[in-house]
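Residues: numbered from 1 along the sequence shown. All values below come from the heavy atoms of this structure, side chains included, with hydrogens, waters and symmetry mates left out.
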Amino acid sequence: MEGKTIVITSGKGGVGKTTATASLGAALALEGKRVAVVDMDIGLRNLDVVMGLENRIVFNVVDAAKGKCKLKQAAIKDRRVENLFLIPASQSDNKDALSPELMKQFAKELRREFDFTLMDCPAGIERGFENAVAAADEAIVICTPEVSSVRDADRVIGLLYARSITPKLVVNRIVPAMVEKGDMLSHEDVVDVLSIELIGLVEMDEQVVVSTNTGIPSVLQKGSVAGEAFRRIAMRINGQPELPIAVPQGQKRFWKKVGRKLGFGK
């Protein structure tokens with residue numbers, strides 16, 4: 001049985017797409033799947049740093065897709081997580097080094113080798129996006145609860161549908177206290193605008209900054225609320241869609257719930 005290729009996209013940069021790709025890749029590998037995470041941001045690679053593998057790069061996705069090296073030579077094995085591999089982007093090529101047709105062919109090879117391939121799509125909707133989406137069977141859109149992020153996500157969702165790819169949504173960097181005050185969009189607001197299936201809610205977590213700087217995916221960080229959310233998202237991707245989605249809640253809302261259970265207030 002062939003594996004799946006999933007593009008992780010956002011439209012807007014700076015929404016946590018690369019850290020999400022690293023965490024979901026690690027979480028799927030922890031579920032026992034053979035996983036490749038592929039950095040498609042040609043010329044500006046970052047996934048290798050987020051995964052702590054920047055010092056082990058010899059070949060890259062351009063080399064592998066063009067047949068300059070074997071897939072196994074470009075795929076860097078993570079030493080901490082069994083069955084997790086990184087295929088890094090090239091820093092010396094430009095985005096025109098790959099084409100949608102070339103990526104379609106490369107994706108066939110990836111499906112034979114891996115259960116899941118996660119394509120970390122570059123921001124924007126130009127050649128890098130076209131290359132990543134051409135190889136994809138499915139898509140996950142990462143969006144933060146900000147108007148600009150939602151607007152860009154809506155644009156990307158339309159482009160995915162035009163390519164017969166049905167996207168799913170992860171709302172990232174939720175700050176419950178701000179949602180409670182009305183200073184941040186709620187996840188219901190985001191879902192209402194985008195009208196696609198929600199598969200995960202990720203709370204803002206300072207440990208993600210530590211994770212990015214140390215090269216340790218958040219799913220491997222003890223006590224990381226974001227890491228736990230990504231683990232649950234990976235379980236849904238891996239065939240458990242019925243797993244409930246936990247809604248991040250601030251202390252104020254939490255104590256309101258406790259009060260109602262104890263009969264205090266309305």
Side-chain angles (χ1 to χ4, degrees), residues 1-10 17-30 32-140 160 163 165 215 217 234 237:
M1 184 172 163
E2 286 196 336
K4 287 183 181 179
T5 302
I6 303 174
V7 63
I8 313 292
T9 185
S10 62
K17 177 175 45 58
T18 298
T19 53
T21 302
S23 290
L24 289 173
L28 284 166
L30 291 171
K33 299 300 179 181
R34 188 171 170 84
V35 182
V37 292
V38 183
D39 191 341
M40 292 297 296
D41 198 357
I42 309 301
L44 292 170
R45 69 183 180 214
N46 282 308
L47 188 54
D48 56 314
V49 174
V50 171
M51 296 184 67
L53 298 173
E54 67 274 15
N55 294 325
R56 294 173 54 198
I57 295 172
V58 178
F59 297 105
N60 57 62
V61 65
V62 174
D63 296 326
K66 288 189 169 183
K68 294 180 180 178
C69 70
K70 294 180 179 179
L71 174 57
K72 290 182 180 179
Q73 291 176 293
I76 303 168
K77 189 178 188 305
D78 192 295
R79 290 171 177 159
R80 301 155 302 187
V81 182
E82 189 70 22
N83 289 329
L84 176 62
F85 297 82
L86 163 71
I87 301 176
S90 167
Q91 282 189 307
S92 57
D93 292 290
N94 60 40
K95 297 188 191 304
D96 293 329
L98 295 175
S99 68
E101 292 72 25
L102 195 61
M103 286 308 302
K104 285 178 185 176
Q105 291 301 313
F106 186 47
K108 291 179 182 178
E109 190 176 355
L110 289 165
R111 291 186 192 100
R112 289 193 294 268
E113 187 68 27
F114 299 100
D115 297 310
F116 288 98
T117 298
L118 305 184
M119 297 272 185
D120 182 16
C121 183
I125 54 173
E126 298 175 351
R127 174 51 77 87
F129 172 83
E130 295 288 347
N131 289 338
V133 170
D137 304 306
E138 300 178 5
I140 294 174
L160 291 168
R163 289 157 178 77
I165 299 174
I237 294 170

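For Asp93, the side chain to side chain donor-acceptor pair (under 3.5 Å) partners are Ser90, not counting sequence neighbours. Taking the side chain to side chain donor-acceptor pair (under 3.5 Å) definition, one finds that Asp78 meets it with Arg80, sequence neighbours left out.
Leu71 pairs in a side chain to side chain contact (heavy atoms under 4.5 Å, CB included) with only one of the listed residues (Phe114, Phe59, Phe85), which is Phe114.
Remark: the Asp120 side chain and the Thr18 side chain contain an N/O donor-acceptor pair separated by less than 3.5 Å.
For the pair Arg163 (side chain) and Val133 (backbone), a donor-acceptor distance under 3.5 Å is absent. Asp39 places a side-chain N or O within donor-acceptor distance of the main-chain N or O of Asn46, the cut-off being under 3.5 Å. In this structure, the side chain of Arg127 does not engage the main chain of Asn94 through any donor-acceptor pair within 3.5 Å. In this structure a side-chain-to-backbone donor-acceptor pair under 3.5 Å is present from Gln73 to Lys70. In this structure, Asn131 contributes its side chain and Gly128 its backbone to no donor-acceptor pair below 3.5 Å. For the pair Asn60 (side chain) and Pro88 (backbone), a donor-acceptor distance under 3.5 Å is absent. For Lys4 (side chain) and Arg111 (main-chain N/O), no donor-acceptor pair under 3.5 Å exists by modelled atom type.
A salt bridge between Glu113 and Arg34 is present, with a side-chain N of the basic residue lying under 4.0 Å from a carboxylate O of the acidic one.
The shortest non-hydrogen separation linking Pro122 to Lys95 is CB-NZ, 4.3 Å.
Side-chain contact between Met40 and Val7 is absent, with no heavy-atom pair separated by less than 4.5 Å.
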